[in-house]
Amino acid sequence: MQNKSQQLFTSFVVKTATTLLPFIQHCLNGISRSKAKSIMTGGGVRVDRAIVKQFDYELQPGMRVEISRRKPKNELSNKFVRIVYEDSQIIVIEKAIGILSMASMNHPYCVKTILDEYFRRTHQKCTAHVVHRLDRDTSGLLVYAKTQRAEQILENNWQSIVTDRRYVALVSGRMEEKAGVVRSWLKDNKAYFTYSSETDNGGKYAVTHFKTIKAADRYSLVDLKLETGRKNQIRVHMKDLNHPVCGDIKYGNGDDPIGRLALHAFRLNFFHPITSEPLRFETPYPKNFLSVFHPSADR
């Protein structure tokens, strides 16, 4: 007699390198992209026993993909958190704006509490360990450890484990440069306002690489790569360039065309803390980041 897991999932072995979405379509006799995506977002796809929801997840020959047409009963459904990838050691999520990565005195409800409740409901004997954060009003990708071992490895080796961590921002004004680097020392005052200095002010050295994706007279869309991960780094460095992030109440200029802090962590690539497997995750740019542009506004 088959166990419940075997009844729920049908197993396929990858023969040639491809990505997950077309592989699912092929395995299920050419079903539509929307139906294949629905299966994935419902937690109905596992790659080498780990649930994967990333449509362009890269597959290599020998990998085992398990597919179900049924949505698991214990799927996480929360307006603030979407699971992108999960295995026994880590979980990668996409965070919405309006929620903290971990609890504070004034805001006990956070991504960690959502994940801990999800783990309890799905009978997983673990809790979410925070290894990096996003500001309350920044959206995008985060990885949480599910074990102390994974947490320690990620925390102690973050700079070498993370191979690419990228943000996209909608900023005020037309960017003068196609690409460049901002370097400064960042230090908080007693009011927790971060100041930037070109010379050592006793703070932490910060480096941000930027590349202009799209520019018009009033706004620009910018790709930002962190060489260092300091508090408020991107927001302060864009202010240094006189192109603050739109919707930034603290470091901005009042420009708020889409009603939110226009900063999104769209890419997170890293080596798995236990298996050392290279993992690559990416989410689309938020649609409203592009809503301020029109064809004649392109550079």
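As a basis for the values below, the full set of heavy atoms in this structure was taken, side chains included, without hydrogen atoms, waters or symmetry mates. Note that the structure is a prediction, hence the values are computed from the model and not measured.
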* Assert yes or no for the condition that the ring centre distance of Tyr167 to Phe266 is strictly below 6.0 Å. =>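 Between Tyr167 and Phe266, the centre distance exceeds or equals 6.0 Å.
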* **Gap separating the NE2 atom of His26 from the CG atom of Leu21, nearest 0.5 angstrom** =>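 One finds 13.5 Å between NE2 of His26 and CG of Leu21.
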Taking C-beta and beyond as the side chain, do [X] and [Y] meet within less than 4.5 Å on heavy atoms?
X	Y	answer
Lys204	Lys187	no
Arg121	Leu76	yes
Thr19	Leu59	no
Thr10	Phe12	yes
Asp248	Leu263	no
Val65	Val14	yes
Gln124	Ser88	no
Lys53	Ile83	yes

Please check if [X] and [Y] belong to a single hydrophobic cluster, counting links between Ile, Leu, Val, Met, Phe, Trp and Tyr side chain heavy atoms closer than 4.5 Å.
X	Y	value
Leu134	Leu100	no
Tyr109	Val81	yes
Leu141	Ile97	no
Leu20	Ile90	yes
Leu261	Ile99	yes

* Please lay out, stage by stage, how Gln54 and Asp56 fare under the test side chain to side chain donor-acceptor pair (under 3.5 Å). => CA-CA 6 Å; Gln54 183 182 347; Asp56 60 351; 2.8 Å; yes
* For Val45 and Glu66, run side-chain contact (heavy atoms from CB on, under 4.5 Å): C-alpha distance rounded to whole Å, both residues' side-chain angles, the deciding distance at 0.1 Å, then the answer. => CA-CA 6 Å; Val45 175; Glu66 296 168 289; over 6 Å; no
* Starting from the C-alpha separation in whole Å, work towards a yes-or-no answer on side chain to side chain donor-acceptor pair (under 3.5 Å) for Tyr251 and Asn232. => CA-CA 9 Å; Tyr251 302 99; Asn232 298 327; 3.2 Å; yes
Considering non-hydrogen atoms only, spot the tightest contact between [X] and [Y] and give its length.
X	Y	answer
Leu186	Gln233	CD1-CA, 3.8 Å
Ala145	Leu154	CB-CD1, 4.3 Å
Trp185	Thr199	CE3-C, 3.4 Å
Pro257	Cys246	CD-CB, 3.7 Å

Under a 4.0 Å N-O cut-off, is there an ion pair linking [X] with [Y]?
X	Y	value
Asp116	Arg120	no
Arg267	Asp164	yes
Lys146	Glu151	no
Asp87	Arg49	no

* To do: Take Ile114 and Phe80 through the test side-chain contact (heavy atoms from CB on, under 4.5 Å) and record every step on the way to the result.
  => CA-CA 9 Å; Ile114 293 169; Phe80 291 112; 4.1 Å; yes
Without swapping roles, check the side chain of [X] against the backbone of [Y] for a donor-acceptor pair under 3.5 Å.
X	Y	result
Arg230	Tyr205	yes
Ser184	Ala206	no
Lys95	Val111	no
His272	Ile274	yes
His129	Tyr144	no

* To do: Verify side chain to side chain donor-acceptor pair (under 3.5 Å) between Ser220 and His243, making sure each step is shown before the conclusion.
  => CA-CA 9 Å; Ser220 299; His243 294 288; 5.6 Å; no
* To do: List the steps, then state whether side-chain contact (heavy atoms from CB on, under 4.5 Å) holds for Val182 with Leu241.
  => CA-CA 8 Å; Val182 185; Leu241 291 175; 3.8 Å; yes
* **Geometric cation-pi criterion, Lys214 with Phe293: 6.0 Å, 45°** =>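 The answer is yes; both the distance and angle limits are met.
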* Look at the rings of Tyr57 and Tyr85 and say which category their plane angle falls in: under 30° parallel, 30 to 60° tilted, over 60° perpendicular. =>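 Correct class here is parallel.
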* Can Met63 and Val13 be said to form a side-chain contact (heavy atoms from CB on, under 4.5 Å), step by step? -> CA-CA 6 Å; Met63 286 182 170; Val13 177; over 6 Å; no
* Go through the steps to decide whether Thr147 and Gln89 satisfy the test side chain to side chain donor-acceptor pair (under 3.5 Å), and finish with yes or no. => CA-CA 6 Å; Thr147 66; Gln89 299 291 330; 2.7 Å; yes
* Can you name the one residue among Lys250, Arg260, Arg235 that meets salt bridge (Lys or Arg N to Asp or Glu O under 4.0 Å) with Asp135? ->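 Single pass found, and it is Arg235.
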